[in-house]
Chemist: 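Supplied in C-alpha cells, the structure appears directly below.
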Amino acid sequence: MIHRTGREAAEKETLAQNVYQRLKDNIFEFRMPPGQRYSEQVLAASLGVSRTPLRFALHMLAHEGYLNRTEGHSSWQVKPLDLDYYEDLYDFRMSIEVLAIHRLCAMDVTSELRKLCAFWRVPKSQRARDGEVVAHEDELFHSTLVSLAGNREMSRTFSDLTERIRIIRRLDFISSDRITAAFDEHGKILEMLLARDVESAERLIKAHISASRTEIRQITLHRLALASSNRELALRS
C-alpha cells in the first residue's frame with residue numbers, strides 16, 4: 001500500500017510538472033498572449049487534465065510572475081508585458097556583466113573561458129543553428145562569466161534576473177542573422193577576455209546586450225500586435 005501511494009504521488013507530480021511546462025511554453029510562444037484571461041475549466045479541457053495538476057501548475061506560474069489571479073476563484077490572466085520593466089532589468093543586467101568583465105580581466109580564468117570557446121569560437125561550418133540550443137548556450141555563457149567573477153551574491157542575483165527576462169530573451173534567437181551575430185559577438189568578447197583587454201571587453205559586452213535588447217523589443221512588439229490581431233479575428237468569427 002505504501003509503495004502504491006508513493007508511486008501515485010510521483011505520477012501526480014510528474015503530470016503537474018508536465019502541465020506546468022506546457023502552459024509555460026504556451027506563454028513563452030505567445031500562444032497564450034499577455035493580458036488574456038482563462039478559466040480553469042477551459043484550460044483543463046484544452047490540456048486534457050483534471051483541475052488538481054492544473055491548479056498546481058497555475059500556482060507555480062503565478063509564483064514565477066507569469067500569471068495573475070483574477071476575480072472569481074478559478075480565473076487567471078497571463079500577466080501583461082511591461083516593456084519598461086524589462087528595460088530596467090536589462091540595465092541592471094548590463095551593470096552586473098560589466099562588473100564581472102572587470103573582475104575577470106584581473107583574474108586567471110583562462111581554462112574556464114576556453115571551455116566557452118569550445119562552443120562559441122568554432123569554424124562557421126560547425127556552428128549550431130538551432131535557436132533553442134543557441135538560446136540555452138547564450139544563457140550559460142553569460143551566467144558563467146558572472147559566476148567566474150567569484151561573487152556569490154552577484155551570481156545569485158543574476159540567476160534570478162535571467163529567469164525574469166527569459167520570456168522575452170529567447171526571442172533573440174528566432175532569426176538566423178541574430179544567431180550568426182551571437183556567435184560573432186560572443187567570440188570577440190571571449191577573445192578580449194583571454195587577452196585581459198578590459199576596455200575592449202566592456203565595450204563589446206555593452207554593445208552585445210544593447211543590440212539584443214533592441215532586437216527583442218522590436219520582436220516583442222510585433223508578436224503582441226499579431227496576438228491582438230488574432231484575438232480580434234477570433235471574436236469576429
Side-chain angles (χ1 to χ4, degrees), residues 21 24-25 27-30 64-66 81 83 85-105 109-149 151 154-194 200-223:
Q21 193 58 56
K24 194 170 187 177
D25 288 343
I27 293 171
F28 275 31
E29 297 299 328
F30 287 68
E64 293 176 359
Y66 298 115
L81 281 182
L83 291 180
Y85 166 73
Y86 288 104
E87 289 284 339
D88 290 343
L89 291 182
Y90 263 79
D91 286 341
F92 188 25
R93 173 193 169 188
M94 186 179 292
S95 297
I96 292 176
E97 294 204 44
V98 167
L99 177 58
I101 289 292
H102 278 258
R103 292 174 68 100
L104 290 175
C105 285
V109 289
T110 300
S111 61
E112 290 85 354
L113 292 176
R114 292 202 181 282
K115 292 177 183 177
L116 294 175
C117 290
F119 181 85
W120 294 106
R121 299 190 71 193
V122 296
K124 291 183 178 181
S125 61
Q126 297 178 22
R127 290 177 174 179
R129 305 307 303 175
D130 184 282
E132 289 189 13
V133 171
V134 178
H136 171 75
E137 291 295 332
D138 173 74
E139 275 196 16
L140 181 62
F141 173 88
H142 291 279
S143 63
T144 298
L145 294 187
V146 174
S147 178
L148 288 175
N151 185 311
M154 186 168 73
S155 184
R156 184 198 64 77
T157 301
F158 190 77
S159 178
D160 177 63
L161 183 64
T162 298
E163 176 63 32
R164 294 189 192 186
I165 65 175
R166 185 174 292 132
I167 188 172
I168 63 169
R169 183 178 180 173
R170 64 190 295 180
L171 297 176
D172 197 25
F173 302 99
I174 62 176
S175 77
S176 59
D177 288 345
R178 287 301 302 159
I179 290 174
T180 296
F183 274 95
D184 292 342
E185 292 165 13
H186 284 110
K188 290 177 182 177
I189 291 167
L190 286 168
E191 180 182 352
M192 293 303 102
L193 286 174
L194 287 167
S200 295
E202 178 181 341
R203 173 177 51 80
L204 288 168
I205 200 76
K206 285 181 175 178
H208 171 65
I209 295 173
S210 294
S212 175
R213 173 165 55 185
T214 299
E215 181 72 13
I216 287 170
R217 186 178 183 90
Q218 292 174 346
I219 295 173
T220 301
L221 289 171
H222 176 65
R223 289 210 170 188

Chemist: On a heavy-atom basis, which atom in Ala128 and which in Val133 lie closest, and how many Å separate them?
Modeler: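 For Ala128 and Val133, the tightest heavy-atom pair comes out as CB-CG1, 4.3 Å.
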
Chemist: Taking C-beta and beyond as the side chain, do Thr144 and Glu112 meet within less than 4.5 Å on heavy atoms?
Modeler: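 No, their side chains stay 4.5 Å or more apart.
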
Chemist: Which heavy atom of Lys206 sits nearest to which heavy atom of Met94, and what is that distance?
Modeler: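 Closest heavy-atom pair between Lys206 and Met94: O-CE, 3.6 Å.
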
Chemist: With a 4.5 Å heavy-atom cut-off, do Val109 and Lys115 have their side chains touching?
Modeler: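 They are not in contact (no side-chain heavy atoms under 4.5 Å apart), so the answer is no.
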
Chemist: Are Phe141 and Phe119, when compared by the centres of their aromatic rings, separated by less than 6.0 Å?
Modeler: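 Here the rings of Phe119 and Phe141 have centres that are no less than 6.0 Å from each other.
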
Chemist: I'd like to check Leu193 versus Leu145 (side-chain heavy atoms, cut-off strictly below 4.5 Å). Are they in contact?
Modeler: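 Side chain of Leu193 against side chain of Leu145, heavy atoms only: contact under 4.5 Å found.
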
Chemist: Kindly compute the distance separating CG (Leu104) from CD1 (Ile205), expressed to the nearest 0.5 Å.
Modeler: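 Between Leu104 CG and Ile205 CD1, I get 10.0 Å after rounding to 0.5 Å.
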
Chemist: What residues, two or more places apart in sequence or in another chain, satisfy side-chain hydrogen bond (donor to acceptor under 3.5 Å, both in side chains) together with Asp177?
Modeler: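 Result, side-chain hydrogen bond (donor to acceptor under 3.5 Å, both in side chains) vs Asp177: none returned.
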
Chemist: Excluding sequence neighbours, so at least two apart, what forms ring pair (Phe, Tyr, Trp, His ring centres under 6.0 Å) with Phe173?
Modeler: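 Result, ring pair (Phe, Tyr, Trp, His ring centres under 6.0 Å) vs Phe173: none returned.
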
Chemist: Distance only, no hydrogens: is a donor on one side chain within 3.5 Å (strictly under) of an acceptor on the other, for Arg129 and Thr180?
Modeler: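 On atom types as modelled, these side chains qualify, holding a pair under 3.5 Å.
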
Chemist: As an exercise, state the distance from OG1 of Thr214 to CD1 of Ile219, rounded to the nearest 0.5 Å.
Modeler: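 Nearest 0.5 Å value for the OG1-CD1 distance: 11.0 Å.
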
Chemist: What is the minimum heavy-atom distance between Val146 and Ala100, and which atoms define it?
Modeler: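 Reported closest heavy-atom pair: CA-CB, 4.0 Å.
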
Chemist: The test is salt bridge (charged side-chain N to carboxylate O under 4.0 Å, His left out); show your working for Arg156 and Asp160 and say whether it passes.
Modeler: CA-CA 6 Å; Arg156 184 198 64 77; Asp160 177 63; 6.0 Å; no

Chemist: If you apply the rule salt bridge (charged side-chain N to carboxylate O under 4.0 Å, His left out), what do you find for Lys124 with Asp184, and how did you get there?
Modeler: CA-CA 10 Å; Lys124 291 183 178 181; Asp184 292 342; 5.3 Å; no

Chemist: Using the six-membered ring wherever Trp is involved, compare the ring planes of Tyr66 and Phe28 and label them parallel, tilted or perpendicular (cut-offs 30° and 60°).
Modeler: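 Rings of Tyr66 and Phe28: perpendicular, over 60°.
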
Chemist: Using only atom types and a distance under 3.5 Å, with no angle test, would you say the side chain of Thr162 pairs donor to acceptor with the backbone of Phe158?
Modeler: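 Indeed, once roles are kept as given, a pair shorter than 3.5 Å links the two residues.
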
Chemist: Output the distance between atom CD1 (Ile167) and atom CZ (Phe30), rounded to the nearest 0.5 Å.
Modeler: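 Result: 6.0 Å between the selected atoms.
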
Chemist: Less than 4.5 Å apart, any side-chain heavy atom of Ile165 and any of Tyr85?
Modeler: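 Not in contact.
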
Chemist: Please lay out, stage by stage, how Ile179 and Arg127 fare under the test side chain to side chain contact (heavy atoms under 4.5 Å, CB included).
Modeler: CA-CA 9 Å; Ile179 290 174; Arg127 290 177 174 179; over 6 Å; no

Chemist: State which residues pass salt bridge (charged side-chain N to carboxylate O under 4.0 Å, His left out) with Glu137; sequence neighbours excluded, sorted by chain then number.
Modeler: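 Per chain and number, Glu137 pairs via salt bridge (charged side-chain N to carboxylate O under 4.0 Å, His left out) with no residue.
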
Chemist: Are Ile101 and Leu204 close enough that some pair of their side-chain heavy atoms sits under 4.5 Å apart?
Modeler: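 No. Closest side-chain heavy atoms not under 4.5 Å.
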
Chemist: Under a 4.5 Å cut-off applied to non-hydrogen side-chain atoms, are Met192 and Arg203 in contact?
Modeler: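 No - every pair of side-chain heavy atoms lies 4.5 Å or more apart.
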
Chemist: As an exercise, state the distance from CD1 of Ile96 to CG of Leu161, rounded to the nearest 0.5 Å.
Modeler: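 One gets 5.5 Å once the value is rounded to the nearest 0.5 Å.
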
Chemist: When you compare the side chain of Cys105 with that of Glu202, does any pair of heavy atoms fall below 4.5 Å?
Modeler: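 No, every pair of side-chain atoms sits at 4.5 Å or beyond.
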
Chemist: Show the numbers, then the answer: is there a side chain to side chain contact (heavy atoms under 4.5 Å, CB included) between Leu194 and Arg114?
Modeler: CA-CA 8 Å; Leu194 287 167; Arg114 292 202 181 282; 4.1 Å; yes

Chemist: Can you confirm whether Thr220 sits close enough to Tyr86 that some side-chain heavy atom of one is under 4.5 Å from a side-chain heavy atom of the other?
Modeler: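 No, too far: nothing below the 4.5 Å cut-off.
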
Chemist: Could you check whether any side-chain N or O of Ser212 sits under 3.5 Å from a backbone N or O of His208, counting only pairs where one atom can act as donor and the other as acceptor?
Modeler: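 No; zero donor-acceptor contacts below 3.5 Å.
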
Chemist: Kindly check if the number of other-residue, nucleotide or ligand heavy atoms within 6.0 Å of CZ (Arg166) is above 12?
Modeler: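 Yes, the 6.0 Å shell around CZ holds more than 12 heavy atoms from other groups.
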
Chemist: Looking only at non-hydrogen atoms, find the nearest pair between Ile216 and Arg169 and report the distance.
Modeler: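 Scanning both residues, the minimum pair turns out to be CD1-CA, 3.5 Å.
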
Chemist: Between the main-chain N or O of Ser143 and the side-chain N or O of Ser147, is there a donor-acceptor pair closer than 3.5 Å?
Modeler: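 Such a contact is absent between Ser147 side chain and Ser143 backbone.
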
Chemist: Going from CZ on Arg121 to CD on Gln126, what distance comes out if it is rounded to the nearest 0.5 angstrom?
Modeler: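 It comes to 14.0 Å.
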
Chemist: How many angstroms lie between atom CD1 of Ile189 and atom CG of Leu113, to the nearest 0.5 angstrom?
Modeler: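 Rounded to the nearest 0.5 Å, the CD1-CG separation comes to 11.5 Å.
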
Chemist: Would you check if the side chain of Arg170 reaches a backbone N or O of Glu132 as a donor-acceptor pair within less than 3.5 Å?
Modeler: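 Flag not set: sc Arg170 to bb Glu132 has no pair under 3.5 Å.
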
